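Read through the structure below, which is laid out as structure tokens, and then see the notes.
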Amino acid sequence: FTPDQQTSQAKRTVIVSKIVNVLDSTSVMILPSELHLLILSYIPYPANLANRLLSCHFNNLILPMMNSFSASSDLELSRLVGSSFFMFIEKLHLERLMTEHSGSNSNGKQRQILTAHMIIEVVDRLLRRSQQQNTATCTLSHHQPRLTDLHIKYFNLNFAGKMTRDSYETMFLSSLFTICGEQISQQVQRLSILTLDANDQLIGKYLPLYCDSLVELNLWGNEKLTNATVMKLVNSSLKRRLKHLEMGAFNIALTDCSLYAIADCMPQLEHLNLRRCAALTDKSVTYLAYKLTNLKYLDFGFNQNVTNASVKAMIENLTQLEHLKLRRCCITEEGLQNLHNLKHLKELNICETQVSSLKPLLGVAHSLRRLVVDRCEKLTDLSPLAQLRELRHLSLAHFSRVEDTVLSAWCTNLEHLEYLEICCGRVTDSSFVKLTNLRHLIHLHLNYACKMTDESFIQICDSLHRLESFTCTKCEQITVNAAVHLSNLRHLKDLDLTSGNLRKRLFDDQLKFFLRIPQLKL
């Protein structure tokens with residue numbers, strides 16, 4: 001359960017009481033062969049909740065240590081760590097690990113270190129379960145539970161004292177690998193260390209030593225990652241099994257040297273994300289295209305150095321690609337001419353490129369499921385999109401040239417669409433009505449729907465019963481009488497009617513119909 005960060009303490013206490021009541025009324029043991037996800041976020045961990053959790057089993061635990069993590073919580077967490085609660089957990093997410101402290105309160109700093117040690121104890125005990133469990137326990141679980149996934153995400157620190165964020169992260173990661181390194185090496189297959197300004201030398205020191213079992217490594221957001229560290233990683237035992245690698249986010253320290261090394265040492269890679277690695281050039285990207293022929297997922301987004309030359313090499317050689325993301329790369333339709341070579345392509349992102357024609361996409365019409373075409377300023381003709389009959393997801397959020405004829409053709413041909421996002425300032429009511437043909441839509445986002453009237457709005461609400469999210473901005477002509485029909489969208493979770501006059505006309509006594517939509521979030 002994830003209440004809002006602003007939820008009052010009193011309301012959190014009520015929420016926890018309800019959770020405990022549910023657990024008290026549940027007598028069925030949760031089998032480890034099923035995937036059950038427990039999320040405890042922004043709430044205190046009282047003794048009665050801990051007591052009930054002691055008798056439950058979960059495979060997948062997300063344990064964010066947030067502001068509500070009080071002085072007594074370490075004790076309660078310690079009780080959970082030593083109980084059967086952790087017996088079957090195979091995936092552990094440690095998100096937003098620490099609270100913020102301003103000022104130089106020594107107790108605050110000590111508290112942070114105490115919590116960090118508690119977290120490391122959690123990981124250590126999970127990794128050592130196989131040595132501690134008796135035969136009966138293993139028979140019950142049908143298999144020996146192992147911690148295969150460890151995700152560490154978003155340190156959230158602000159010390160005014162001597163311990164800086166960098167020094168705290170260094171302390172935490174060095175302690176984690178020093179205490180748990182051998183077990184991590186033997187068991188953990190998927191490891192994420194996300195958005196930490198972690199010391200580059202620290203990653204280079206520990207990861208090459210404890211990565212024997214890794215098949216996935218995600219270092220997204222580590223802006224300080226350097227070529228030297230990448231060289232250590234690719235020349236370690238990591239190169240034997242790794243199939244999924246992510247490194248990026250505003251990194252200008254990684255250059256062609258790193259990409260050459262990855263291409264030479266990791267031919268088995270299937271997933272590579274180097275988005276926002278702006279120092280990489282066409283030379284290394286082209287080299288990679290000839291070497292990593294097993295790639296199914298490739299993201300070089302936000303790199304102006306990637307041009308038609310390297311994209312042509314990708315399309316010619318990476319014939320197993322299923323996902324290709326080239327957002328804000330310096331390419332035109334010339335680079336996509338042989339797109340038909342990618343027989344398995346499911347997703348293409350060419351946002352903010354210089355592409356002026358979509359005709360090359362017809363070569364993958366049989367396989368393409370997801371297309372993002374946005375802010376392509378030179379693109380004028382959208383008619384080829386109507387021939388991409390297998391599309392499930394189409395996004396043109398800021399593309400202002402969508403007109404009646406184009407939208408009508410989509411509504412006739414793209415019958416499998418589940419997600420549609422368009423800028424419809426030129427679309428009239430007669431075409432909005434045709435959206436009702438898209439019966440599989442789950443997400444519909446209509447930006448600048450200034451020409452929509454009550455007639456089409458009502459028909460959308462009465463026909464598209466599967467909608468879970470609905471955006472209709474600048475809908476100046478929609479009245480309250482039409483808005484009442486939103487209550488027919490029983491599965492609606494997210495509704496956005498911003499920037500229109502409708503919200504100004506909806507007073508409290510007229511909002512009651514929204515209460516009929518059980519999951520709605522305005």
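Values in this document were obtained by computation on a predicted structure and should not be read as measured data.
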Check: Can you name the one residue among Val215, Leu217, Asn218 that meets side-chain contact (heavy atoms from CB on, under 4.5 Å) with Arg190?
Finding: Val215
Note to self: To check you understand the geometry: which heavy-atom pair defines the closest contact between Tyr297 and Leu321, and what is its length?
What the structure shows: N-CD2, 3.9 Å
Notebook entry, point to check: How are the rings of Phe457 and Phe470 set relative to one another: parallel (under 30°), tilted (30 to 60°) or perpendicular (over 60°)?
Noted result: tilted
Next item on the list: Would you indicate whether the side-chain heavy atoms of Met452 and Asp429 approach each other to under 4.5 Å?
Entry: yes
Note to self: For the CD atom of Glu421 and the CG atom of Leu396, what is their distance to the nearest 0.5 Å?
What the structure shows: 9.0 Å
Checklist line | Side-chain touch Phe399/Val373, heavy atoms, less than 4.5 angstrom | finding: no
Note to self: Please give me the minimum heavy-atom distance between Arg426 and Ser400, naming the atom from each residue.
What the structure shows: NE-O, 3.4 Å
Check: Of the non-hydrogen atoms in Met247 and Leu225, which two are nearest, and what is the gap between them?
Finding: SD-CD2, 3.4 Å
Please set out all donor-acceptor pairs under 3.5 angstrom arising from side-chain atoms of residues 439-448, sequence neighbours excluded.
from, atom 1, to, atom 2, distance (Å)
Arg439, NE, Thr436, O, 3.0
Arg439, NH1, Ser463, O, 3.4
His440, ND1, Arg466, NH1, 3.2
His443, ND1, Ser469, OG, 2.6
His445, ND1, Thr471, OG1, 2.7
Asn447, ND2, Ala397, O, 3.4

Notebook entry, point to check: Just wondering, more than 12 heavy atoms not from Glu455 lying within 6.0 Å of its CD?
Noted result: no
Note to self: Among Lys378, Arg328, Lys325, exactly one meets salt bridge (charged side-chain N to carboxylate O under 4.0 Å, His left out) together with Glu352. Which residue is that?
What the structure shows: Arg328
Notebook entry, point to check: Do NZ/NE/NH1/NH2 and the carboxylate oxygens of Lys312 and Glu334 come within less than 4.0 Å?
Noted result: yes
Check: Can you list every pair that meets ring-ring contact (aromatic ring centres under 6.0 Å, His included) and has a residue in residues 352-395, with sequence neighbours left out?
Finding: His393-Tyr419
Next item on the list: With Leu274 as reference, evaluate Leu245, Leu280, Asn303 under the side-chain contact (heavy atoms from CB on, under 4.5 Å) test and give the passing residue.
Entry: Leu280
Notebook entry, point to check: Which atom names give the shortest non-hydrogen contact between Asn305 and Ala278, and what distance separates them?
Noted result: ND2-O, 2.9 Å
Check: Closest heavy-atom contact between Gln354 and Thr332?
Finding: CB-CG2, 3.8 Å
Check: Only one of Lys296, Arg370, Arg327 forms a salt bridge (charged side-chain N to carboxylate O under 4.0 Å, His left out) with Glu347, so which one is it?
Finding: Arg370
Next item on the list: Given side-chain contact (heavy atoms from CB on, under 4.5 Å), test Leu324 with Val364 step by step and report yes or no.
Entry: CA-CA 12 Å; Leu324 179 58; Val364 290; over 6 Å; no
Next item on the list: Begin from the C-alpha positions of Glu246 and His244 and carry the test side chain to side chain donor-acceptor pair (under 3.5 Å) through to its verdict.
Entry: CA-CA 7 Å; Glu246 301 200 28; His244 181 122; 2.9 Å; yes
Next item on the list: First locate atom CG of Leu420, then atom CG of Leu464, and finally report the distance between them rounded to the nearest 0.5 Å.
Entry: 10.5 Å
Next item on the list: Could you check if a side-chain atom of His398 sits within less than 4.5 angstrom of a side-chain atom of Cys423, using non-hydrogen atoms only?
Entry: no
Margin query: When you compare the side chain of Val285 with that of Thr307, does any pair of heavy atoms fall below 4.5 Å?
Written below: no
Margin query: Let's go through Glu333 and Ser356 carefully: what are the C-alpha distance in whole Å and the side-chain angles of both, what is the deciding distance for side chain to side chain donor-acceptor pair (under 3.5 Å) to 0.1 Å, and is it a yes or a no?
Written below: CA-CA 6 Å; Glu333 64 276 12; Ser356 60; 2.7 Å; yes
Next item on the list: Give a yes/no verdict on a cation-pi contact between Arg276 and Phe302, requiring under 6.0 Å between NZ or CZ and the six-membered ring centre and an angle within 45° of the axis.
Entry: yes
Notebook entry, point to check: Leu358 and Leu388: side-chain contact (heavy atoms from CB on, under 4.5 Å), yes or no, with the steps?
Noted result: CA-CA 11 Å; Leu358 296 177; Leu388 305 179; over 6 Å; no
Item checked: Closest approach of Lys451 to Gly425 (non-hydrogen atoms, all atoms of both residues) -> CE-O, 3.6 Å
